[in-house]
Amino acid sequence: MHSPTLYRLCRALVRHTWARVCRVQVAGLEHLPPGPAVLCPKHQRWEDIPVVGLALPPPLFYIAKVELFTTPGVREFLRALGGIPVDRASPRATLSSFRQLPPLLARRAYLVLFPEGTYVPGRVGPGKHRLIQYLLSLQERNGCGPLPFIPVGISYRPRRVGFEARVRLGPPLYAPRSRLAPALTTRLMAAIGELSRPSSTGDP
């Protein structure tokens, strides 16, 4: 069960410890609408997860691979932080965990979905549209649309100590029907690629 208190505590702890080594800059927050919304970040390293958590307003609910939820104790901890397990090898198990999505959308929550589905360093990988299609189907069935999908670019550069993460949000993208999920995913990946390019200036 999700614990907002634990989420805030862990976020504050990360901000005062790990964030001293990883400086996070964010641009484009004006593109973040009131929830519900689906945030779609670039995924290239494990640090993407805390970077997104520090850059964007809490709370966030991460859709994550089920392998992270297999260890007792860790499973409960991740669920308390808002983790939602996805098992691509077992669609029935995934649908069971996704029963919590309609209430979250009704509560105007922010969901985090890495559309590449795995680490893809150095380039933007192909997006996987099945989860996006499922979210669009919820939009159709529950009347919570139009559901905004926010492309989020992340780029890193080294510092003398640690590194700097630059997070950039693009304008929301929409699709009225679940059958348009592949086209929406293509648009999202193109926007993520543009937003993840390192800036040639000193700006985020």
Side-chain angles (χ1 to χ4, degrees), residues 2 28 31-45 48-49 51-53 55-57 59-69 78-79 82-121 123-154 167-196:
H2 177 243
H31 297 307
L32 186 64
V38 183
L39 301 158
C40 299
K42 174 73 185 91
H43 205 15
Q44 53 202 307
R45 47 202 282 185
D48 300 332
I49 297 170
V51 162
V52 169
L56 302 177
L60 303 176
F61 295 84
Y62 289 80
I63 299 174
K65 59 184 180 181
V66 73
E67 289 83 359
L68 298 175
F69 296 79
L78 292 177
R79 285 186 178 276
I84 302 169
V86 173
D87 187 351
R88 292 189 178 88
S90 176
R92 181 172 296 180
T94 292
L95 287 175
S96 176
S97 67
F98 271 20
R99 287 177 185 149
Q100 59 192 297
L101 289 182
L104 288 174
L105 295 175
R107 286 163 45 194
R108 308 181 70 82
Y110 291 117
L111 306 179
V112 179
L113 169 63
F114 293 97
E116 291 161 299
T118 189
Y119 299 150
V120 183
R123 62 183 179 86
V124 175
K128 295 178 171 60
H129 73 272
R130 294 297 184 187
L131 296 181
I132 291 173
Q133 187 173 39
Y134 180 75
L135 290 166
L136 289 175
S137 73
L138 291 180
Q139 166 186 281
E140 293 179 74
R141 293 202 302 266
N142 299 318
C144 61
L147 188 59
F149 290 78
I150 315 297
V152 181
I154 305 176
V167 179
R168 298 173 64 196
L169 281 69
L173 300 176
Y174 302 89
R177 298 287 183 269
S178 58
R179 60 181 173 81
L180 299 176
L184 174 60
T185 304
T186 298
R187 293 164 57 206
L188 276 169
M189 300 318 298
I192 290 168
E194 288 294 323
L195 293 165
S196 297

Non-hydrogen side-chain atoms of Lys128 and Arg130 separated by less than 4.5 Å: no
Taking the side chain as every heavy atom from C-beta outward, state whether Pro148 and Leu32 have any pair of such atoms under 4.5 Å apart. no
Do side-chain atoms of Gln139 reach the backbone of Leu147 as a donor and acceptor pair under 3.5 angstrom? yes
Could you report the tightest heavy-atom contact between Leu136 and Ala175, atom names first, then the distance? CD2-O, 3.5 Å
Is it true that a side-chain atom of Gln44 and a backbone atom of Ile154 form a donor plus acceptor pair closer than 3.5 Å? yes
If every non-hydrogen atom of Tyr110 is compared with every non-hydrogen atom of Pro33, which pair is closest and at what distance? OH-O, 2.7 Å
Cut-off 3.5 Å, no hydrogens considered: what does the side-chain donor-acceptor table look like for residues 185-195, sequence neighbours left out?
unit_1, atom_1, unit_2, atom_2, d
Thr185, OG1, Ala181, O, 2.8
Thr186, OG1, Pro182, O, 3.1
Arg187, NH1, Tyr174, O, 3.2
Glu194, OE2, Arg197, NH2, 3.3

Between Phe149 and Ile132, the two heavy atoms sitting closest are CE2-CG2, 4.0 Å
Flag, side chain of Lys42 to backbone of Arg123, donor-acceptor distance under 3.5 Å: yes
Please evaluate residues Ile84 and Leu104 with respect to the criterion side chain to side chain contact (heavy atoms under 4.5 Å, CB included), reporting the C-alpha separation (whole Å), side-chain torsions for both, the decisive distance (0.1 Å), and the verdict. CA-CA 11 Å; Ile84 302 169; Leu104 288 174; 3.8 Å; yes
Any donor-acceptor pair under 3.5 Å linking the side chain of Ser137 with the backbone of Ser178? no
Minimal non-hydrogen separation, His43 against Glu116, with atom names: N-OE1, 2.9 Å
Side-chain touch Val152/Val167, heavy atoms, less than 4.5 angstrom: yes
Count the heavy atoms of every other residue, nucleotide or ligand shown that sit under 6.0 Å from CZ of Arg45, and state whether that count exceeds 12. yes
Take Leu39 and Leu60 through the test side chain to side chain contact (heavy atoms under 4.5 Å, CB included) and record every step on the way to the result. CA-CA 9 Å; Leu39 301 158; Leu60 303 176; 3.8 Å; yes
Shortest non-hydrogen separation from Ala37 to Ile150 and the atoms involved: CB-CG1, 4.5 Å
Heavy-atom distance under 4.5 Å between the side chains of Leu105 and Leu111, does that happen here? yes
Do Leu101 and Phe61 pass the side chain to side chain contact (heavy atoms under 4.5 Å, CB included) test, and can you show the C-alpha distance, the side-chain angles, and the key distance before you say yes or no? CA-CA 10 Å; Leu101 289 182; Phe61 295 84; over 6 Å; no
Has the side chain of Tyr62 got a donor or acceptor atom that lies under 3.5 Å from a matching backbone atom of Phe114? no
Can you give me the closest heavy-atom contact between Pro115 and Pro41, atom names plus distance? CD-O, 3.5 Å
